[in-house]
Amino acid sequence: MLGPGGYVRDILAMPVGSSVGISGWVKTRRDSKGIHFAQVNDGSCMQDLQLVIDDGVLTAETLALVTTGASVTATGELVASPGAGQSVELKVTGLAVHGGADTVAYPLQKKGHTMEFLRDIAHLRSRSNTFGAVFRVRNAVSYAIHRFFQERGFIYVHTPVITASDCEGAGAMFGVTTLDMQNVPRTQSGAIDFSQDFFGKPAYLTVSGQLEAEIFALAFSNVYTFGPTFRAENSNTPRHLAEFWMVEPEMAFCDLAGDMRLAEDFLKYVIRYVLDTCLADIEFFTKRIDPTVLGTLEHVASVDFEHVTYTEAVDILERAGRNWEFPVEWGCDLQAEHERFLTEETFKRPVIVTDYPKQIKAFYMRANDDGKTVRAMDVLAPRIGEIIGGSQREERHDVLQARIMEQGLDLEPYWWYLDLRRFGSVPHAGFGLGVERILMYLTGMKNIRDVIPFPRTPGSAEF
RNA sequence: UCCCCGUUAGCUCAAUGGCAGAGCGUUCGGCUGUUAACCGAAAUGUUGGUAGUUCGAAUCUACCACGGGGAGCCA
């Protein structure tokens, strides 16, 4: 096992003359008269370590196995490199090949591949430059998320993945069952008899940890959940997954203004952390994926987000003099084209839209005194649209109960959610952020399937 | 789920009703402290599947599968 100090990233920073050992996968192999070169990468950083192998150091049999894709351990001396691509290189004195890779069959070649092709070989794409960078950034983002909330005293709560409350209304859910699908038990009326199922009632994969996070917020003040969530929607777009990771903070004694402040601080913190720790990867994305990435991130990390109410946003859109594909009028939800106009043309920065009409938002959002709008906020980012959705929650028992009934929902499943408003209720607020959405923003990757290791989408669950 | 586009060598793509092609990769040879090198040669195909039109289909038609873009749903 490699340990601290033994990764390529560490070795590249060592002084010339160091005696080192290195393990990794051969990216390319080149030969010259009497000398052989192999680029080795272990995933620790963008840069490879160049092995220099003089004729006679290895047997012909071993040397023949040092091909693209092979796994090797090499020992030798770190020397200054006369070549252009690197400052140091490893002058090899010994090398072992763990696993060879048939050059004819190995699908990764030196030249660029399309993302679609690489997605089909997701078991190998993580060895490519692009996906190495993507998943290093994904790791950094995950760590930054925990650091941000931990530094602020938030308690990390593990909300359940399986839920029996079909009450979140955030989208279609995946069923979880142990019933025999060939022979489903029926009640006398012909309905599926879930009393015989594992949980004694219908169960699902969660679409959000928010409602459970609220339970914890009303005990620990500030909490966050961070885990996988599931949507069974038949969404076929570059921005949707059936399984994705979501961060959901929930804060007691907090209103919408505090919620928005936290959301903005949070986004800037994550961006700044990635710029500080993954700059080589971000520079790679800027060079190879999207030339605007680095500039955009530096801009967003330093600029104040714009704030507009939904009503103001509709006013701006109505006066824009555009022929909208979806006409704008107060009460309709903002479409992708509207969000783009606000972020990319009107303000040219992230925009927080607040106080949406209550008809187009969820029942748990706190009603405003105007009787028409709720304390909701969406953070819209240039290029990818909605990146965060949040709200102040309705903390008044009677108002919440009326809202649930108004939306035609059963009160019974919400008994515990309503109970929170009977015992020590308090103004509270929170938001949700899709980790893959912010990764698209950070990397410039165009398809959400390329920022999660093993994407699950309608009709596709390979690997 | 809807609209549009696509599917030809390992990869990226040509060939628009008449002999299946190129570049890259791979293999072999040459040259070279190389960096997505360069020069020469070779191997590589059930043209996504099924059915149809036609003397003849990669090419036209229908259906299906898969992929991409846009939309809806949303994070």
Side-chain angles (χ1 to χ4, degrees), chain A residues 27-39 47-55 64 67-69 79-86 89 91 101-121 124 128-129 168-172 206-210 228-248 263 288 325-326 332-337 339-340 360-362 378-381 384-390 431-441 446-452 457-460 462:
Chain A
K27 201 164 262 177
T28 71
R29 150 91 180 270
R30 298 177 293 274
D31 297 295
S32 283
K33 195 184 184 81
I35 192 168
H36 314 274
F37 302 91
Q39 303 281 135
Q47 208 180 338
D48 307 315
L49 181 64
Q50 176 164 274
L51 307 185
V52 183
I53 308 165
D54 285 325
D55 256 354
T67 60
T68 301
V79 299
S81 177
Q86 60 285 317
E89 60 192 19
K91 191 170 178 60
D102 179 13
T103 51
V104 175
Y106 191 65
L108 283 177
Q109 60 185 55
K110 204 182 301 187
K111 204 158 176 172
H113 292 290
T114 60
M115 296 304 158
E116 293 77 26
F117 172 68
L118 290 169
R119 210 175 293 146
D120 287 340
I121 51 166
L124 297 172
S128 67
N129 286 333
E168 284 142 358
T206 186
V207 295
S208 163
Q210 180 199 315
T229 50
F230 306 86
R231 303 282 165 87
E233 302 286 354
N234 190 9
S235 296
N236 291 287
T237 85
R239 298 177 305 281
H240 293 86
L241 291 164
E243 175 182 302
F244 63 100
W245 284 63
M246 192 152 63
V247 186
E248 294 172 286
R288 293 291 186 85
E325 190 185 339
F326 294 88
C332 72
D333 209 350
L334 298 181
Q335 302 294 322
E337 57 172 340
E339 296 181 352
R340 280 224 183 83
I360 59 173
K361 288 294 181 182
D378 283 354
V379 180
L380 311 179
I384 54 171
E386 183 180 341
I387 194 168
I388 283 180
F431 62 80
L433 167 127
V435 169
E436 288 77 17
R437 291 275 173 88
I438 196 172
L439 274 167
M440 292 174 75
Y441 203 63
K446 304 287 183 294
N447 194 312
I448 199 165
R449 297 161 198 208
D450 299 326
V451 296
I452 189 166
T457 53
S460 175
E462 197 61 59

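The figures that follow rest on heavy atoms only: side chains count, while hydrogens, waters and symmetry mates do not. Because the structure is a prediction, the values reported are computed rather than measured. Chain identifiers are assigned alphabetically (A, B, ...) following the order of the sequence lines, protein sequences preceding nucleic acid strands; residue numbering begins at 1 within each chain.
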task = Could you tell me the separation between the CG atom of A:Asn447 and the CE atom of A:Met115, rounded to the nearest 0.5 Å?
result = 10.0 Å

How many whole angstroms separate atom [atom1] of [X] from atom [atom2] of [N]?
X        : N     : atom1 : atom2 : answer
A:His113 : B:A36 : NE2   : P     : 15 Å
A:Asn234 : B:G72 : CG    : P     : 15 Å
A:Asp102 : B:U26 : CG    : P     : 12 Å
A:Lys33  : B:G29 : NZ    : P     : 14 Å
A:Asp31  : B:G29 : CG    : P     : 11 Å
A:Ile35  : B:U35 : CD1   : P     : 13 Å
A:Asn129 : B:U35 : CG    : P     : 17 Å
A:Glu337 : B:C73 : CD    : P     : 12 Å

If you look at every strand shown and take non-hydrogen atoms under 4.0 Å, does [X] touch a base, only sugar-phosphate, or nothing?
X        : value
A:Ile387 : sugar-phosphate
A:Arg449 : sugar-phosphate
A:Glu89  : base
A:Gly434 : sugar-phosphate
A:Tyr106 : nothing
A:Glu436 : nothing

Between [M] and [N] - [atom1] atom distance, rounded Å:
N     : M     : atom1 : result
B:G6  : B:A15 : P     : 12 Å
B:U47 : B:U59 : P     : 10 Å
B:C31 : B:U7  : C1'   : 41 Å
B:G56 : B:U12 : P     : 34 Å
B:A62 : B:A22 : C1'   : 33 Å
B:A58 : B:C19 : P     : 10 Å
B:G49 : B:U8  : C1'   : 15 Å
B:G17 : B:U50 : P     : 24 Å

ask   = With A:Gln39, which of A:Asp48, A:Leu51, A:Thr68 fulfils side chain to side chain contact (heavy atoms under 4.5 Å, CB included)?
value =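 For A:Gln39, the side chain to side chain contact (heavy atoms under 4.5 Å, CB included) test succeeds with only one of A:Asp48, A:Leu51, A:Thr68, which is A:Asp48.
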
Using purine N1 to pyrimidine N3 plus N6-O4 or O6-N4 for Watson-Crick, or N1-O2 and O6-N3 for G-U wobble, both under 3.5 Å, which nucleotide pairs with [N]?
N     : answer
B:A65 : B:U7
B:A14 : none
B:C2  : B:G70
B:C60 : B:G52
B:G29 : B:C39

Return the nearest nucleotide to the side chain of [X]; candidates are [options].
X        : options             : value
A:Pro238 : B:U35, B:G69, B:C73 : B:G69
A:Glu116 : B:G33, B:U35, B:G67 : B:G67
A:Ser235 : B:C74, B:G72, B:C11 : B:G72
A:Thr103 : B:U26, B:U1, B:A71  : B:U26
A:Thr114 : B:G72, B:C73, B:U12 : B:U12
A:Ser81  : B:C11, B:U34, B:U32 : B:U34
A:Phe117 : B:G67, B:C11, B:G33 : B:C11
A:Asn447 : B:G67, B:G69, B:G25 : B:G69

hbond_proxy [X] side chain to [N] base (donor-acceptor, 3.5 Å cutoff):
X        : N     : value
A:Gln50  : B:U34 : yes
A:His240 : B:C74 : yes
A:Gln109 : B:G10 : yes

key: Basic-acidic side-chain contact under 4.0 Å: A:Lys33, A:Asp55   = no

Is it the case that the side chain of [X] and the backbone of [Y] share a donor-acceptor pair, with hydrogens and angles ignored and the cut-off at 3.5 Å?
X        : Y        : answer
A:Glu436 : A:Ile452 : no
A:Thr229 : A:Val207 : no
A:Asp378 : A:Leu380 : no
A:Ser235 : A:Thr237 : no

request  = Tell me which of A:Lys446 and A:Pro82 sits closer to the 5' end of RNA chain B, going by the nucleotide each one is nearest to.
outcome  = A:Pro82

message = Taking the nucleotide of RNA chain B with the nearest heavy atom to each, does A:Gln39 or A:Asp378 sit closer to the 5' end?
response =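 In this pair, the answer is A:Gln39.
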
message = Any heavy-atom pair between the side chains of A:Met440 and A:Ile448 that's under 4.5 Å?
response = yes

